[in-house]
Amino acid sequence: MRFTFITLFPEFIKQATEFSIIKRAIDSGRIEVAWVNPRDFTEDKHNTVDDTPFGGGAGMVLKVEPFYLAIQQAKKSMPNAKVIALCPGGTTFSQHKANELAHEYEEAIFLCGHYEGFDERIFCWVDEIISIGDYVLTGGELPALVVLDAVARLIPGVLGKLESTVEESFSDNLLEYAQYTRPVEFKGMIVPPVLREGNHSLIGKWRRKDALKKTLDSRPDLLRRVNLKKEDMALFHEIFDEAKGEKNV
Ligand code: 4GS
């Protein structure tokens, strides 16, 4: 899959994609990352990309023309690209959206803002607005990189066999169960014996129960979307009984 970032800070994207799995995905040709700088599409001597807002108020607004021209430039080599703007006002990003982008598109253009935001007219050339969460950042580069990262790892061959086994987490709407590796004891804390005893049916039960417990603790909102199995009721009973036990100590 090919990704082009419209950004005033291409170095940010370049450096962030030079590590680990994303770097390997680029080197193997499974993904392609490019950038276009709207500043290269300005004509004035200071290469101005922002200006004060009509109507007054604090902050600066990104000028429509340099961003429009940068999108057109990116589209020359990616005519079918989906144009995605990263803004707090967009639809919240999710694993579901990552799957959709990875499986239904071959090309994506990420529009990264800065300062107060874009001139509204740029959205005529935007197909979709994505937010990575309800907080305000200084620029759209990190959100675009978050989307790239989540999408790239779903592309076949990007994760190795070992890495891909860790997939589960959001796909079944449960949080991941706890994992351990050597040593068995660290500062008095031991790895649960059941995980060391090799009974795979008991290990499976322990992991399912831990995933249910973690989801109940941290993300109870997810439970409505879990496909509960009939064995889960017994596990919930155990979880509640253990919680009661802990309170009485
Ligand atoms: C987000 C976000 C964001 C908003 C960019 C203020 C600079 C900034 N973008 N998800 N202007 N959250 N963007 O905070 O996507």
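Both ligands and their constituent atoms are indexed starting at 1 by order of listing. These figures come from a predicted structure and were not determined experimentally.
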Measure from every N or O atom of ligand 1 to the protein's N or O atoms and keep only the pairs below 3.5 Å, writing each with atom names and distance to 0.1 Å.
residue, atom, partner, partner atom, Å
ligand 1, 10 (N), Ile132, N, 2.9
ligand 1, 11 (N), Tyr115, O, 2.7
ligand 1, 12 (N), Gly133, O, 3.2
ligand 1, 12 (N), Tyr135, O, 2.9
ligand 1, 14 (O), Tyr135, O, 3.4
ligand 1, 14 (O), Leu137, N, 2.8

Before accepting this row, confirm whether a basic side-chain N of the pair [X]/[Y] lies closer than 4.0 Å to the acidic partner's carboxylate O.
X: Lys82; Y: Glu104; answer: no
X: Lys209; Y: Glu238; answer: yes
X: Asp210; Y: Lys214; answer: yes

Item to complete: Might you point out which heavy atoms bring Pro66 and Thr48 nearest each other, and give the distance in Å?
Response: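 So the two residues come closest at CG-O, 4.3 Å.
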Fill in: Non-hydrogen atoms of Leu101 and Met1 that approach each other most closely
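The pair with the smallest heavy-atom distance is O-CE, 3.5 Å.
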Worksheet item: Can you name the ring pair (Phe, Tyr, Trp, His ring centres under 6.0 Å) partners of Phe110, sequence neighbours left out?
Response: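 Result, ring pair (Phe, Tyr, Trp, His ring centres under 6.0 Å) vs Phe110: Phe3, Phe5.
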